[in-house]
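What follows is a single structure, written as structure tokens, with notes after it.
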Amino acid sequence: MVATHQIFSQDGYRLLQECIHCGLCLPTCPTYVVNGKEADSPRGRLSLMKYVDREPDIDAQGAFRHIDLCLGCLACQTACPSGVRYGHLLESSRTYQRQEIKPLTGFQRQIVTGVTSHRPLGMISSIIAVVQRLGLDRLVRVLRLLPATLRFQLAGMPRITGRAFSRTHDRLLPAMTPSDSSQGKVALFTGCVMDYWFSEVHAASVRVLQWNGFDVTIPEGQSCCGALHAHAGLEEEAEACLDRNWMAFQDIDAQALVVNAAGCGAQLRTEAWTSRNGLPVVDISEWLADKLIRPPGKKLYAKVTYDAPCHLHHAQSIHKAPYQLLETACEHLAVLPEAEMCCGSAGFYSLIQAEMSQQVLERKIAHIQSIAPATLITGNPGCQMQLQAGLHASGMKIPVLHIIQVLDQAYRQDEAYLLAFNLSE
Amino acid sequence: MPLPRQLIKQLQRIVGRRQVDTDFAELLVYESDGLTLRTARPGCVVYPSSTEECARVVKACHGAGVPYVPRGAGTGLSGGAISDGGVIIQLSRMSKLLGIHPDDRYAIVQPGVVNNYLNLQARPHGLEFAPDPSSQAACTIGGNLAENAGGPHTLKYGVTSNHILGQTVVFADGEIATFGGPFPVRTGPDFSTFLTGTEGTIAISTEITVRLVPTAATATTMLAVYPSVSGATDSVSAILAAGVLPTAMELIDNLCIQAVEGHLKAGFPTDAAAVLLIELDGEEQLMKRDAEAVARACKANGATDFHTAQTEDERQSLWRGRKHAVGSLGKITPAFYTNDGVVPRSKLTAILQVSYKVAQGHGIRVAHVCHAGDGNIHPLILYDPDESQGPERAMACSEDILLACLEMGGSLTGEHGIGAEKRNLLPRMFTEDDLGHMLRLRDGLNREGLLNPGKIFPTGAKCGELRNQPVFPSGTWI
């Protein structure tokens, strides 16, 4: 049988064939769990990819409706006994889709590039900061001034300053290089949304790293990691992001490139980066798990629970490190049921596929309710906002923090730490 | 032929528009279950959410004279859950755990509950559902019941039929009935057990009462490594002859080890011809004595290494390797076919020799995992679906192995069912007369033959057409 391939190369097609239809991925897939349909399961989607690839007269639009519903959480990759590289196949399909079936509209493209590049993001952030300061965000929600999906997201946003951490960290942090800087030097990845909206996470990261003897450098010229572009099928733009970051980091003398956003870490860890033999990319939890030479003297007492970001647990296979770190900082770390299942954030998914996103989130919120923690912990900006919005909508006043923020909180119980970083209690 | 529009509308009224799939892409993905060799596309897929909805769906199909097939997670390996142009009644939305009763040790579940999920909920009570098919992370209790599924640990605890206490079913005409229940108030014949293993050809189970057994407090898992396959198979008989009944005794051969270690890395030595994974549970002192007997038997039969898992992590890793062994074959082949033959335990060494030889004769690679303690073998026949005659050669190879099983006094299936896959071999097992009786029984309860047609019984199974010489003596039933 001579068949032409629409999507995949011969090698890509061989990767697709590694799926032997066993179905072990099904119960780990959030969309399958929600609606029970094979077309919305990883196995079903792989079948659809196979057909679009091999049979030109198939209803590709219909097939992509189901591929579009994929969160890209990669839980199926963790479950797969054959090691099918689902994420890779998904991105190939989406690139094909954007080129041949349904290109992104100019507006959609603008949103992706706008949120991820410094200047427009800075402008958006300044506006949001003002809105927040004046309390207008509450007004917007009460008066229902924006579409429901945007209002929902707004509720999950942290309080922001409108300035990028990478441009203000000199003022935010005292220039502390601990005298016992015995563990060497690391570079911190600041990213895009993290940089503007989660500067607190970056600040906490720097403090905890320094407190544990690391010299932290924050190279200029960094950009977005390109994950959102890649997930949207914008292959070229994603590569451009990677190139910019490569330029920023290639001459940096450090042991590792520490990333504190799971999504960015997963994106930077792809072959395109590792094959260039540059700085090894590590997630901050994995980096610190066995290098915490000064664990917190006193643990936080309140009950907390941890929701694993998909791009940490599934995409980077980092399973134990977050728990190890949190155990050094928390007295009561409760296990969240289905902690490895997606929260429905998935980048722009929560805006584009709002209905499914909400259904996936509802399941998550119910599990959190069953634990009733004082704080919910995660490790990725998208998850942090989605979970915060979900908790807000269900009337639960539970803050959502990054792992490193929780560690920072535990350290703040120590006078010397407060003093060293010029912090008030 | 497309399904009547009238029927589609009727189904939409019963379950809601969004719970009836008719789009091409949506139907395409239902063209096979865990067995990819047999494909057929359904005319529509419908997702009921309760016994009542299910019954109304069945009534509608029955009224329209359209065939219908129940389906769970689609992990089955005999093509039992496919439909050629008919209606697939997909039970994934019926996945509620209706109740766990730890004091009386039973649970009531809807058919779409995943085997592992039930265990996850039962374990905090110190209980579990014993049948543990390798697909237990995904397969459903409804499917376990339909196929009378086994699994590694059923060597000691028995297959699914030993663990079904009762069920509510929808018959082929849409009538709802309940048989059995949590407590042993049994008068008359045991219909619930009769229905277990009928592969969805007589009724659709919509509410299932299952037995829960106490989880063993401690278990010992051992790995014996062999330079030859026959050393491993001989050990199996030797262990049982020594008076030990392990909870599980699993054989994995070299090619399969290669696949597992290629991605999962469970810790099997890649240079072994075969390994035996043996598990004991129960009282500490007894287990220790048995473990020594097992070690002696293995070493006496040529085990070059004998290792007891020291930590729970190690134990889990070994079991993960075993349970995901079949799934991991994607690393070494684009497709394979899972054979499910059974032989008396004493013939295990002989049948594996035959299996390797037959495969060699067909020029095909074959890997093996076996529930060795049960004499249930799974030759995994590797092939390339894009190669001309690839699937046909794989099937021919499998058939030869199955016929050898029958000749040794075994059977065509240990736990995967006959389904669409082995129906034409059934006359090699049973006499014409016996098949006729079985068919009459099925036809009495599935009068129009609309519920899951084309499964179990040979196509065109008019009694006169079955002319092969069966292996089983007259009077033997499936």
Side-chain angles (χ1 to χ4, degrees), chain A residues 1-3 10 13-29 32-52 54-55 57-68 76-85 320 337-338 355, chain B residues 18-19 21 23-36 45 47 49 71 73-77 88 90-95 112 114 116-117 120 134-135 137-140 259-260 262-264 320-321 323-336 384-388:
Chain A
M1 185 170 67
V2 183
Q10 196 57 42
Y13 187 69
R14 175 66 195 103
L15 286 180
L16 192 62
Q17 279 186 318
E18 285 184 355
C19 171
I20 50 94
H21 225 252
C22 70
L24 291 195
C25 51
L26 265 57
T28 68
C29 175
Y32 179 78
V33 167
V34 164
N35 71 16
K37 298 194 174 191
E38 180 81 15
D40 296 323
S41 77
R43 179 174 67 175
R45 290 187 182 111
L46 288 170
S47 289
L48 291 175
M49 288 177 204
K50 199 186 245 172
Y51 276 102
V52 176
R54 298 301 289 265
E55 290 182 20
D57 43 348
I58 199 170
D59 171 22
Q61 296 268 13
F64 272 108
R65 261 202 296 284
H66 297 281
I67 297 172
D68 280 344
C76 50
Q77 278 192 185
T78 304
C80 180
S82 264
V84 171
R85 293 171 59 197
K320 286 183 179 161
E338 295 184 357
E355 189 189 350
Chain B
R18 294 178 71 168
Q19 304 307 337
D21 283 351
D23 281 2
F24 184 62
E26 289 165 341
L27 302 179
L28 192 69
V29 295
Y30 287 100
E31 70 172 15
S32 77
D33 52 17
L35 173 77
T36 48
V45 181
Y47 303 82
S49 66
R71 186 183 187 276
T75 57
L77 292 165
I88 283 188
Q90 171 67 26
L91 298 164
S92 47
R93 282 177 75 220
M94 293 183 68
S95 58
V114 171
N116 246 6
Y117 180 77
L120 204 67
S134 296
S135 56
C139 65
T140 60
V260 172
H263 171 62
L264 287 174
R320 210 161 64 93
K323 295 238 162 151
H324 290 175
V326 175
S328 70
L329 287 176
K331 269 280 169 271
I332 60 168
T333 178
F336 64 93
D384 186 344
D386 294 337
E387 201 177 285
S388 93

Keeping [X] on the side-chain end and [Y] on the backbone end, is there a donor-acceptor pair under 3.5 Å?
X	Y	answer
A:Arg43	B:Gly74	yes
B:Tyr30	A:Glu38	yes
B:Ser328	A:Pro81	no
A:His21	B:Asp33	yes

Taking all non-hydrogen atoms of both residues, which atom of [X] and which atom of [Y] are closest, and how far apart?
X	Y	answer
B:Val29	A:Ser47	CG1-CB, 4.2 Å
B:Ala138	A:Leu24	CB-CA, 3.8 Å
B:Thr36	A:Ile20	CG2-O, 4.4 Å
B:Phe24	A:Ile58	CE2-CG1, 3.4 Å
B:Tyr47	A:Gly36	CE2-O, 3.4 Å
B:Lys331	A:Arg14	O-NH2, 4.0 Å

If I measure from the heavy atoms of chain A, does [X] come under 4.5 Å with its side chain, its backbone, both, or neither?
X	result
B:Ile332	backbone
B:Ser32	both
B:Val260	neither
B:Arg18	both

Gap between atom [atom2] of [Y] and atom [atom1] of [X] - 0.5 Å precision:
X	Y	atom1	atom2	value
A:Glu18	B:Thr333	CD	OG1	10.5 Å
A:Asp40	B:Glu26	CG	CD	7.5 Å
B:Leu28	A:Glu55	CG	CD	7.5 Å

If you count heavy-atom pairs under 4.5 Å between each of [options] and chain B, which one has the most?
options	answer
A:Gly44, A:Gly83, A:Gly62, A:Ala60	A:Gly83
A:Asp59, A:Val34, A:Leu48	A:Leu48
A:Pro337, A:Pro27, A:Cys25	A:Pro27

4.5 Å side-chain heavy-atom contact, [X] and [Y]:
X	Y	value
A:Lys37	B:Gln19	yes
A:Leu26	B:Val114	no
A:Cys80	B:His263	no
B:Asp386	A:Arg54	yes

Would you say A:Phe64 has more than 12 foreign heavy atoms packed within less than 6.0 Å of its CZ?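 Atom CZ in A:Phe64 is packed in, count exceeds 12.
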Cationic N near anionic O, under 4.0 Å, A:Lys50 to B:Glu31: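 Result for this pair is no, no salt bridge flagged.
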Pick from B:Val45, B:Asp21, B:Leu329 with the largest number of heavy-atom pairs that fall under 4.5 Å of chain A: B:Asp21
